Every structure is written in structure tokens, then in C-alpha cells.
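Take a look at the structure below.
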Amino acid sequence: MSFLKIASAHKAYKTPEGGLIHALDDVSLDVRNNEFLTLLGPSGCGKTTLLKCIAGFEDIDSGEISFEEQSLKGVPAHRRPFNTVFQSYALFPHLSIANNVGYGLDVTGVAKGERNKRVEEALELVGLAGFGSREPKQLSGGQQQRVALARSLVLKPRVLLLDEPLSALDRKMRENMQIELKNLQHSVGITFVFVTHDQEEALAMSDRIAVVANGKVQQLAAPTEIYDEPANEFVANFVGTSNIFSGKVVAKDGALLTIETANQRQVLATSDRFGRGDHVELVLRPEHLKLAPSGNGIPESCIDGTVEASVFVGSDLHLHVDVGKGRTAIVHHRHNRGDDGERIEAGTSVKLYYSPNAAHLIKAIGR
Amino acid sequence: MTSSDTILKRKRRSLILLLAPFTVMLSVFFLVPLGIMMVYSFLEPGLYGGVEWNWYPYNYGRIIGWPLNDYEEFEPIYLKIFLNSLQIAIMTVIGTFVICYPAAFWVSRMQGAKKNLALFMITLPFFANLLVRIYAWLLLLRPTGFFNTVLQSAGLIIEPLDLLFTNFSVIIGMVYILTPFMFLPIYANVEKLDYSMVRASQDLGANPLQTFRRVILPLTAPGIIGGSVIVFIPALGNFIVPSFLGGSKVQMTGNLIERSFLQSRDWPFGAALALLIMASVVVLVVFQLSRQAKAEARGVS
């Protein structure tokens with residue numbers, strides 16, 4: 001039995017100028033029970049719209065959203081077994097923390113004794129035991145965030161929808177909350193659908209990520225797969241940094257392909273999905289480009305170029321390398337303590353090596 | 001002397017200068033007359049107007065029930081008129097609220113130019129003379145006026161209804177002139193109502209009625225209370241509307257005061273009436289402010 005299923009959902013908005021914006025353009029998505037699914041995409045890509053449609057704040061124009069085989073069409077938000085954690089937290093300013101958390105229990109008529117017990121438990125779960133009598137405005141952003149979580153979790157929803165809940169927190173706090181949220185999801189065993197535009201956040205927390213852009217799901221896969229095998233150029237660029245070179249397969253030897261790039265270089269890649277004559281995009285992650293051959297006997301590909309800029313970021317040295325015809329490749333060179341002597345100045349000629357296994361190929365569009 | 005002292009002193013001096021005109025105006029044109037009224041209300045009315053400088057608490061006695069026997073008589077009519085004024089003022093508050101609350105939501109959801117137009121329309125009546133506006137209601141409500149003519153020609157009534165010179169007509173007039181005063185505070189509050197609160201309430205399982213009662217109403221309460229106070233006070237002491245639309249049948253305390261001062265030339269009695277109204281308003285407002293202060297201390301703004 002499918003759990004939460006979105007099938008060919010469409011939704012369009014009218015702009016004030018009279019145009020149409022397709023917020024959801026044929027979105028199909030199967031959310032599995034008990035998973036941490038992240039909707040990742042740039043702002044305005046439709047991910048929040050999708051969340052609102054699941055929550056019941058907005059209706060889809062066509063298509064279907066169903067939960068355990070039951071269509072949710074016409075089911076108002078307050079009758080859906082989902083709860084939302086809002087980006088702004090949306091705590092009720094006129095109620096105490098305990099009454100905020102107990103709100104959902106109060107309106108659904110849960111008996112006083114059980115209500116109080118569950119409120120206590122929920123506050124304990126998010127580490128705010130004893131905060132019940134305080135007011136929302138007396139709490140820090142992170143604490144308000146936890147109250148918002150407790151307020152939803154106390155109702156034991158089947159699915160918890162989280163709309164960029166960490167975006168208002170500072171970096172340190174955000175990283176802590178990422179771990180906590182993931183652990184929380186694990187311990188309460190509730191499906192989380194998490195919306196974010198932050199790819200690091202998505203990679204760190206999710207069981208699966210749906211990359212959304214232009215109202216479409218670009219790729220739905222586990223974080224490692226999204227990173228290692230992006231389905232298209234958009235995903236390759238949006239998740240992590242990518243060096244992308246267009247080219248054509250000119251030779252094939254088993255799984256080892258030789259690709260001729262636009263600037264007449266021959267490079268190697270392994271793939272069994274492409275053959276001679278295919279037009280491809282070669283995706284290389286910056287950390288896979290090395291300044292020296294590995295020397296372990298595996299045939300390596302080599303690109304030469306000139307350093308345009310080098311930026312030291314602490315753990316890495318980021319090099320911007322001109323590889324000809326105005327193309328710039330980005331290289332993340334691991335920094336070791338005491339490496340100071342080998343500073344790489346702009347203008348230095350370098351050779352970039354990579355193992356063909358590290359290269360990912362995607363089908364070139366429009367050829 | 002440190003420099004921070006001088007800055008503080010300078011700040012205090014400029015504050016005093018800034019507040020001076022207001023303070024002078026308030027004391028000369030409000031506190032002093034108020035004091036005079038207070039004194040007069042305890043003096044004996046002169047035979048031909050003016051006052052005799054004798055201690056005379058019976059002005060109040062006439063109104064609330066311990067008259068100087070065989071000279072001034074206790075007239076329950078004054079209390080009745082006061083209670084009627086109170087009733088009319090409360091009905092006015094309710095009437096303006098019923099009109100303004102939904103309208104405020106409606107206007108707050110409008111976009112740009114449309115919203116500004118709506119706000120302009122609400123303040124538009126202020127541009128016309130008050131007397132003209134009230135007189136217009138006289139023409140609408142009288143036996144041969146618009147409403148009766150329409151109802152009669154539609155065959156719904158045979159005899160014209162007694163619309164004019166009733167509590168009803170006075171309340172209509174009051175609601176009409178005081179609506180903007182109720183609307184603006186409510187609108188200011190509704191405008192900044194965070195709709196994510198409403199969403200959160202729905203999301204947590206509250207049906208529309210529960211959401212309204214538990215979230216929307218408490219969050220807009222400050223505007224409702226503010227509007228009610230601003231409408232209640234002028235409604236309670238109003239004398240223009242009842243003198244036009246109430247005729248001789250509907251008397252409000254405002255008319256009584258006007259008559260005491262201008263026609264019977266019984267200034268002490270008029271002063272006593274005015275102070276009683278003021279006292280009841282002050283009690284009400286202080287009660288409200290202290291409640292609001294408590295609510296704010298609890299974290300509601």
C-alpha cells in the first residue's frame with residue numbers, strides 16, 4: 001500500500017501582470033512511511049507550494065494527492081493527519097508554551113489529564129521540560145523552533161511537514177538542529193517531509209532527496225546518489241559544485257570511454273550507459289581533480305590549464321583553473337598543515353588529474 | 001560634573017520645551033475648566049443663573065437619590081436617562097463593531113490602490129458637515145421619508161412606521177457617525193494579523209469556528225477594545241444626534257446637560273451631570289487599561 005502519494009500534480013498561479021506561473025508542473029512523488037524526505041530546490045521552484053498542497057492550505061489544479069490510498073481532495077487542513085512546522089514558527093503569542101503545545105489537543109477534545117501528560121512529554125522530547133509556563137516571546141529562536149516541533153509532534157501526526165524550519169537560525173545552531181531533527185525523526189518514527197533550499201542541510205539529514213526546479217522533480221534519490229550521479233545539469237550544479245564539460249564519445253573500450261571535449265581534448269570516463277557517437281556532459285566534482293597523478297597504475301585523465309585565482313578557505317585551497325576557451329574548472333585541493341610553502345600563484349601552469357571512475361556522465365540535452 | 005550629566009540635562013531641557021505648549025494648553029483649557037466645574041457642582045444654583053457660594057451637595061443628590069427634602073426632589077428620571085444613554089452607547093458600540101469587524105478583514109485583504117480607495121471611502125463622511133449628515137437621516141427616517149415610502153409602495157406596511165424619535169433612530173445616527181472610529185483601530189489590528197497563525201491553528205486540527213474563537217479573536221482583541229472605548233465615550237455624552245433624531249422622546253444625558261447649562265441656567269446641576277458621566281467613563285477606561293496592562297504583562301500585545 002502506498003503511503004503518501006502525489007500523482008501528476010499541477011498548480012499554476014496568475015501573476016499580477018496576467019501571466020501564469022507553473023508552481024507545480026506534473027509532479028509525481030511517492031513518500032515512503034517513516035522516511036526523511038527532503039524537497040530541495042531554489043526559492044520559487046515550487047517546493048513550498050507542494051508542501052502547502054500536502055498540508056491542505058492550497059489545492060492542486062489537477063492530479064491527485066492521496067494518503068494510504070485515500071484521496072485527500074476536498075479534505076480540509078484540520079482533518080488531515082499531517083502537521084506543519086512553519087518557517088516563522090507561528091507560535092500563538094497570546095498563549096503560554098504549554099498552551100501552545102497543548103493547542104491541538106485542546107481543539108480536538110483530549111481529556112485534561114492526558115493532555116497535560118502529553119504536553120509534558122512533548123516538551124521533554126525537544127529538551128524544553130519546565131518551560132511550559134513561559135511566553136513565546138521570552139524564548140530564543142532555537143527554543144521557539146523546538147516549541148513549534150513539540151506542538152506538532154504532540155499530535156502524533158502521520159507525516160510532519162517542515163517548511164524551511166532552520167533558515168532563521170544561525171549557522172552553529174542550524175548544524176546542531178540538523179542532527180537533533182534527524183535523531184528525533186528516528187526516535188519518533190514519523191515521516192518527515194522537509195523543505196529547504198540549503199543543499200548541505202539536505203545532504204546531511206535526508207534518507208532521500210527530491211531536487212525540485214521549475215515546478216518539476218528533477219531527481220529523487222538518496223543523498224549519495226544525488227551527489228555522485230546527478231541526473232541532469234541542474235542537479236549537478238545545484239547540489240555541490242560541478243565542473244561540466246560537453247563532449248562526444250569517440251572511443252569505447254569496455255566501460256572506459258574516450259570523450260572529445262569542445263576544446264579538442266581527449267579525456268576519459270567510465271560508463272556503461274553511453275556508446276560511441278553519444279553527446280554527453282562530463283561532470284567532475286572539484287575534489288576529484290588532483291594536481292598530481294595518483295601513481296597507482298590506473299589510467300588517469302589529464303587536463304592542463306593555468307591558475308586564475310586561488311582562494312584559501314581553511315580545509316581546502318580552491319583553485320580556479322583556466323582550461324582553455326574561457327572555460328574555468330574549480331579544483332578543491334586538500335590543505336595540509338604546513339603546506340604554506342607550496343602556495344599556488346595565479347598564472348602557474350598546472351595539470352589536473354582525475355580517475356575515470358570519478359567522472360559522471362549525463363546525456364547532453366538538445367543533441 | 002561629567003559630560004553625560006550635561007547631556008542628560010540638555011535632553012531634559014529640550015523635553016520640557018517640547019512638552020510645554022501641550023502642557024499649557026491642557027491645563028488652561030482642560031484642567032482649569034474641569035476644576036471650575038468640580039467646584040460649581042458643589043455650589044447652590046443662583047435664582048437667575050450663576051451660583052451662590054454655599055456648600056450644596058444636592059446637585060448630585062437630585063441625580064442619584066439623596067435630595068434636600070422639600071426643596072429639591074429626587075427624580076428617578078435622571079437615572080433613567082443616564083441608563084438609557086448607557087444603553088444607547090452600548091448598542092452603538094455593538095452596532096459599529098458588527099459593521100466594522102468583517103469590513104476590516106475585507107479591506108485588509110484588498111490590494112494596493114483598491115485598499116487605499118476603501119480606506120478613503122471610510123473616512124469620506126468626515127468631509128461632510130456633521131449636522132448635514134444627521135439631518136439627512138431625519139429625512140430618510142421620517143414618516144414621509146425614504147424608508148417608509150419604499151416600504152409602503154412595496155405593500156409591506158400600511159401605516160408609516162415610527163422610525164424617527166426612537167432609541168432606534170438615535171442608535172442608527174450614532175452608529176453612522178461613529179463607524180470610522182471603530183473601524184480604524186480594528187483595521188490597524190487586523191492588518192497586522194499574522195495569517196500563519198490562522199494556518200497553524202487549522203494545521204493543528206482546529207475547525208474554522210475554533211480558529212476564530214481561540215486565535216483570531218484574541219489576537220485582534222486590542223483593536224476591538226480600543227475601538228469600543230473610542231466609540232463608547234463620545235456616544236455616551238453625545239447630544240447632537242439625540243436632539244435631532246431623538247426629538248423630545250429620546251433624552252440622553254448630553255441633552256440634559258445642554259439644557260441645564262443653556263435653558264434652565266442651572267450650572268451646578270449641569271456640572272454635576274457632566275462630572276458623573278466623566279466619572280463613569282474614567283472608571284470604565286481605567287478598568288480596561290489595567291486589564292490590558294495585565295494582558296501585556298502576560299505577553300499579548
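These numbers were taken from a predicted model, which means no experiment stands behind them. Naming convention: chains lettered A, B, ... in sequence-line order (proteins, then strands); numbering from 1 in each chain.
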Looking only at non-hydrogen atoms, find the nearest pair between [X] and [Y] and report the distance.
X      : Y      : answer
A:A55  : B:D203 : CB-OD1, 4.5 Å
A:V107 : B:L204 : CG2-O, 3.8 Å
B:L219 : A:H94  : CD2-ND1, 3.5 Å

Please check if atom [atom1] in [X] has more than 12 non-hydrogen atoms from other residues, nucleotides or ligands closer than 6.0 Å.
X      : atom1 : answer
A:K5   : NZ    : no
A:Q70  : CD    : no
A:F57  : CZ    : yes
A:E64  : CD    : yes
A:E58  : CD    : yes
B:R133 : CZ    : yes
A:F131 : CZ    : yes
B:K115 : NZ    : yes

Do [X] and [Y] have side chains that approach each other closer than 4.5 Å (heavy atoms only, starting at C-beta)?
X      : Y      : answer
B:R199 : A:T84  : no
A:Q87  : B:S196 : no
A:F92  : B:R214 : no
B:P208 : A:H78  : yes

Proximal component of [X], with respect to chain B [non-hydrogen, under 4.5 Å]:
X      : value
A:F86  : side chain
A:L91  : backbone
A:Y89  : neither
A:R151 : both

